[in-house]
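Have a look at the structure below, then the notes.
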Amino acid sequence: MSALPRSYNPFAEDEEDVAPAGPGGAGGADRQRYLQQEVLRRSAATADSTTRSLSLLYESERIGVAASEELVRQGEALKRTEQMVDKMDQDLKTSQRHINSIKSVWGGLVNYFKTKPPESKPEQNGAPEYNANSRLKEAMMSSKEQESKYQESHPNLRKLNNLDNDFNKADLVSSVQRDAYPKNQQLRAYHQKIDTNLDEMSSGLSRLKSLALGLQTEIEEQDDMLDRLTKKVETLDVNIKNTDRKVRQL
């Protein structure tokens with residue numbers, strides 16, 4: 001049994017699996033060059049795939065921020081509606097006091113000695129202040145800081161990134177980090193880009209989780225506000241009907 005040559009390549013055992021690099025046939029150097037090109041091609045495809053995934057992640061985060069802002073505006077509208085209902089209920093009680101004064105002298109005496117309901121303070125600038133839950137606000141602030149990265153990663157907005165830029169970044173890493181990557185400059189740039197994208201994806205998923213939890217908390221709080229508002233509106237409707245009936249009896 002003869003010993004294998006020192007240049008033996010286990011990937012080239014089957015001649016049919018390796019395409020010839022040129023008209024001269026598939027020599028050892030040609031096979032090695034083909035494998036190097038295949039490794040570079042697959043590394044480039046992986047880097048492009050992680051870049052697209054990162055772009056989709058930024059897009060999801062941008063949509064989440066837009067949904068959060070819309071939910072906050074909805075909370076402001078609910079609070080404004082609740083304050084209007086409270087104001088209507090207070091005005092209705094005042095009207096009932098006047099109706100009692102008109103109906104009888106006894107009603108007027110009762111109203112005279114009865115404690116007047118506290119008057120609500122006028123709203124400043126006509127817009128109530130609404131504060132979303134702290135978890136949602138922190139998540140929104142953290143995600144808004146990534147807006148520039150979304151623009152850079154968007155296919156229609158990002159600048160063209162030449163491989164030369166990746167090579168320059170690869171040259172700036174420390175010697176310890178450089179030892180962890182392949183010696184080939186182009187392959188090292190691809191690997192570093194993949195690692196950077198994966199790190200960004202991990203951070204983005206963490207921000208998306210915080211955003212989702214903040215949205216859940218805000219929705220639960222607004223559900224409670226809707227239940228409270230529904231009960232107030234039902235009570236106000238009953239009081240309006242009673243007041244209308246008293247007015248018709250005058």
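Computed from a prediction, not measured in an experiment: that's the story for all the values here.
Here the closest non-hydrogen pair linking R135 and S210 is CG-O, 4.3 Å. Pairing each heavy atom of L57 with each of L208, the nearest pair is CD1-CD1, 3.2 Å. Heavy atoms only, all atoms of each residue included: S143 and R207 are closest at OG-CB, 4.3 Å.
In this structure, the side-chain contact (heavy atoms from CB on, under 4.5 Å) partners of I194, at least two apart in sequence or on a different chain, are T46, A47, T50, L198. For E69, the salt bridge (charged side-chain N to carboxylate O under 4.0 Å, His left out) test picks out K144, with sequence neighbours left out. Looking at residues two or more places apart in sequence or on another chain, you find no salt bridge (charged side-chain N to carboxylate O under 4.0 Å, His left out) involving E145. Every residue meeting the side-chain contact (heavy atoms from CB on, under 4.5 Å) condition with R228, not counting sequence neighbours, appears here in chain and number order: E82, M225, K232. Here D237 pairs with K241 under the side-chain contact (heavy atoms from CB on, under 4.5 Å) rule; sequence neighbours left out. By the side-chain contact (heavy atoms from CB on, under 4.5 Å) test, Q216 is found to be paired with L213, E220, residues two or more places apart in sequence or in another chain being considered. Judged as a side-chain hydrogen bond (donor to acceptor under 3.5 Å, both in side chains), and not counting sequence neighbours, the contacts of T243 are Q96. Taking the side-chain hydrogen bond (donor to acceptor under 3.5 Å, both in side chains) definition, one finds that E138 meets it with nothing, sequence neighbours left out. The salt bridge (charged side-chain N to carboxylate O under 4.0 Å, His left out) test applied to D244 returns R248, not counting sequence neighbours. Looking at residues two or more places apart in sequence or on another chain, you find no side-chain hydrogen bond (donor to acceptor under 3.5 Å, both in side chains) involving D224. Evaluation of the salt bridge (charged side-chain N to carboxylate O under 4.0 Å, His left out) rule for D89 yields K93 as partners, not counting sequence neighbours.
Panel note: side chain S53, backbone S49; a donor-acceptor pair is recorded below 3.5 Å. Judged purely by atom type and a 3.5 angstrom limit, T94 uses its side chain to pair as donor or acceptor with the backbone of Q90.
Looking at T217 and E221, their side chains come closer than 4.5 Å, going by heavy atoms from C-beta outward. Residues L205 and K209 form no side-chain contact, since every pair of their non-hydrogen atoms from C-beta on lies 4.5 Å or further apart. The closest side-chain heavy-atom distance from L136 to V72 is below 4.5 Å. Two residues are said to be in side-chain contact when any heavy atoms from C-beta on lie closer than 4.5 Å; K193 and T51 meet this criterion.
Interatomic distance, S202 OG to N197 CG, rounded to the nearest 0.5 Å: 12.5 Å. A distance of 15.0 Å separates CG in D195 from OH in Y190, rounded to the nearest 0.5 Å. For the atom pair CD of Q83 and CG of L78, the computed distance is 11.5 Å after rounding to the nearest 0.5 Å. For the atom pair CD (E59) and CG (L54), the distance works out to 12.5 Å, reported to the nearest 0.5 Å. Note that CD of E218 is 5.0 Å distant from CG of N133, once rounded to the nearest 0.5 Å. Here the CD atom belonging to E61 is positioned 10.0 Å from the OG atom belonging to S68, to the nearest 0.5 angstrom.
In the hydrophobic clustering of this structure, L56 does not group with I63; members are Ile, Leu, Val, Met, Phe, Trp, Tyr whose side-chain heavy atoms approach within less than 4.5 Å, directly or through other members.
A salt bridge links R73 to E70: at least one charged side-chain nitrogen sits closer than 4.0 Å to a carboxylate oxygen.
Each salt bridge (charged side-chain N to carboxylate O under 4.0 Å, His left out) pair with one or both residues in residues 39-51, not counting sequence neighbours, appears once here: E38-R41, E38-R42.
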